[in-house]
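For reference, the structure is listed below as structure tokens.
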Amino acid sequence: MEIFHQLSGLVEQVSVDEAFIDVTDLPEPAEQIAHALQARVKLDTNLPCSIGAASNKLVAKIATDTGKNQSRTDGYPQAILCVPAGTERIFLSPLPVRAMWGVGPKMESILLGMGLRTIGDIANCSVDRLERRFGKSGVDLHQHALGIDNRPVTVSYEAKSISQEVTFARDTADLLFLRRTLHELAIKVGYRMRCEGLCARVIRLKLRFADFTTHTRQVLLQAPTDQDSVIAGEAEGLLMKLWQPERPVRLIGVGGANLVEHVHQLTLWESETQKERKLLIALDELREKYGKEAVQRADHIRKRHKEE
DNA sequence: TCTGGGGTCCTAGGACCC
DNA sequence: TCTGGGGTCCTAGGACCC
């Protein structure tokens, strides 16, 4: 990512190992930039990478995937594929619908059922038919099949939600264990929110049963929070709504959504919650210095011992 | 791919208000 | 008192992505 930033200020990081770079303002041709960038990444990190270049994000993304698939001969894919402006539709046309960004297994089978095999078939299909079948996203799908995508490269990134979840090695029907796990997850979520300076207005619980059915419950808070105890408490309340003693649980997760920036409350007296905030921040700092297990709350430990 | 841990966006229905 | 239409907010679930 550092290497990308040296190239252009307009870098949109999509995941740990993927990014869009807007090189519109650079004088060199895209192909030349791509080769230099790939060489640079290899030299500095010894990592292979694939690059797709096009006039918009959608086509660049598909170009990367396509190049990667084509070069899947031996070893790592190290592809470069450039799609010149004006040739987007021609490039996409022969590709299978599954190659379209946003088309997964479900949509693929629906499209095949409609007799649409390639992206070109989607492009030649009437917008009305696609809209009837897929709603608003059908209109987008048609545009994308034509190679049209107006989404800009977005530099700043704001998280929409923060969550933690665990899948158990064995399904469990142990409520005490679930509640304890919930607490541990809530602590991690709260920590991450405080690191980002964010508070959540919505607390969400996710539960997956042994048969893989997944349920979520959420609650809208009066006031946004970044506090472990509040997150844990709300999540526990939600757990009791979903919990069925006879249904073992495979996964449990906690998250915060509707995130807002943390603002300090202007009250005359420090409330209990503000005291707890200060305590939590102090604990966060200790954990950063001495590791995650360095500090634990005595009341939590006592509770645990009693339970055990 | 019988399934890990994050995320995002969209849809549909219900409650509530004017 | 009942009905209609439209808008917003909230909740739950599904599809998809890396």
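In the text below, chain A, chain B and the rest are named by the order of the sequence lines, each starting its count at 1.
- Between A:Gln164 and the phosphate of B:dG5, there is no side-chain N or O to OP1/OP2 separation shorter than 4.0 Å.
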Polar-atom pairs under 3.5 Å, protein N or O versus N or O of nucleotides 14-17 of chain B: list them with distances, or write none.
none

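- As judged by a 4.0 angstrom heavy-atom cut-off over every strand, A:Val16 is placed among residues making no nucleic acid contact.
- Within the structure, a side-chain polar atom (N or O) of A:Ser161 is placed less than 4.0 Å from OP1 or OP2 of B:dT8.
- Residues passing the side-chain contact (heavy atoms from CB on, under 4.5 Å) test with A:Gln6 are A:Arg40, sequence neighbours excluded.
- With sequence neighbours excluded, no residue forms a salt bridge (charged side-chain N to carboxylate O under 4.0 Å, His left out) with A:Glu28.
- Listed by first residue number, the stems of DNA chain B with at least three Watson-Crick or G-U pairs below 3.5 Å are B:5-18 with C:5-18.
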What are the atom names and distances for every N/O pair under 3.5 Å that joins the protein to nucleotides 9-11 of chain B?
{"residue": "B:dT11", "atom": "OP1", "partner": "A:Lys136", "partner atom": "N", "Å": "3.4"}

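- With sequence neighbours excluded, the residues that form a side-chain contact (heavy atoms from CB on, under 4.5 Å) with A:Leu242 are A:Leu205, A:Leu207, A:His215, A:Arg217.
- Applying the side-chain contact (heavy atoms from CB on, under 4.5 Å) test to A:Ala60 and every residue at least two apart in sequence or in another chain returns A:Ala54.
- At a non-hydrogen distance threshold of 4.0 Å, nothing from residues 45-55 of chain A comes into contact with DNA chain B.
- Sorted by residue number, the members of residues 208-216 of chain A with any non-hydrogen atom under 4.0 Å from DNA chain C read A:His215, A:Thr216.
- Considering only residues two or more places apart in sequence or on other chains, A:Phe177 meets the ring-ring contact (aromatic ring centres under 6.0 Å, His included) condition with A:Phe168.
- Both A:Met114 and A:Met100 belong to a single network of hydrophobic side chains, linked directly or stepwise wherever heavy atoms of I, L, V, M, F, W or Y lie under 4.5 Å apart.
- Here salt bridge (Lys or Arg N to Asp or Glu O under 4.0 Å) pairs that include residues 99-122 of chain A, with residues two or more places apart or in two chains, number zero.
- Under the side-chain contact (heavy atoms from CB on, under 4.5 Å) rule, A:Val219 has a single partner from A:Arg204, A:Glu234, A:Lys241, which is A:Glu234.
- Among the protein residues, A:Val14 comes within range of no part of the nucleic acid, since none of its heavy atoms lies under 4.0 Å from any strand.
- Of the side-chain N and O atoms in A:Arg250, none sit less than 4.0 angstrom from OP1 or OP2 of B:dG4.
- A search for side-chain contact (heavy atoms from CB on, under 4.5 Å) contacts involving A:Ser109 returns nothing, not counting sequence neighbours.
- Note on A:Arg204: nothing from the nucleic acid sits closer than 4.0 angstrom, heavy atoms only.
- Put simply, the side chain of A:Thr118 does not reach to within 4.5 Å of the side chain of A:Pro94, judged on heavy atoms.
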> Hey, mind stepping through A:Arg194 and A:Asp228 against salt bridge (Lys or Arg N to Asp or Glu O under 4.0 Å) and telling me if it holds?
Replying inline: CA-CA 10 Å; A:Arg194 291 190 296 280; A:Asp228 305 349; 2.9 Å; yes
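- Counting heavy atoms from C-beta outward, A:Asp149 and A:Gln143 have side chains that stay 4.5 Å or more apart.
- A side-chain donor from one of A:Thr24 and A:Asp22 sits under 3.5 Å from a side-chain acceptor of the other.
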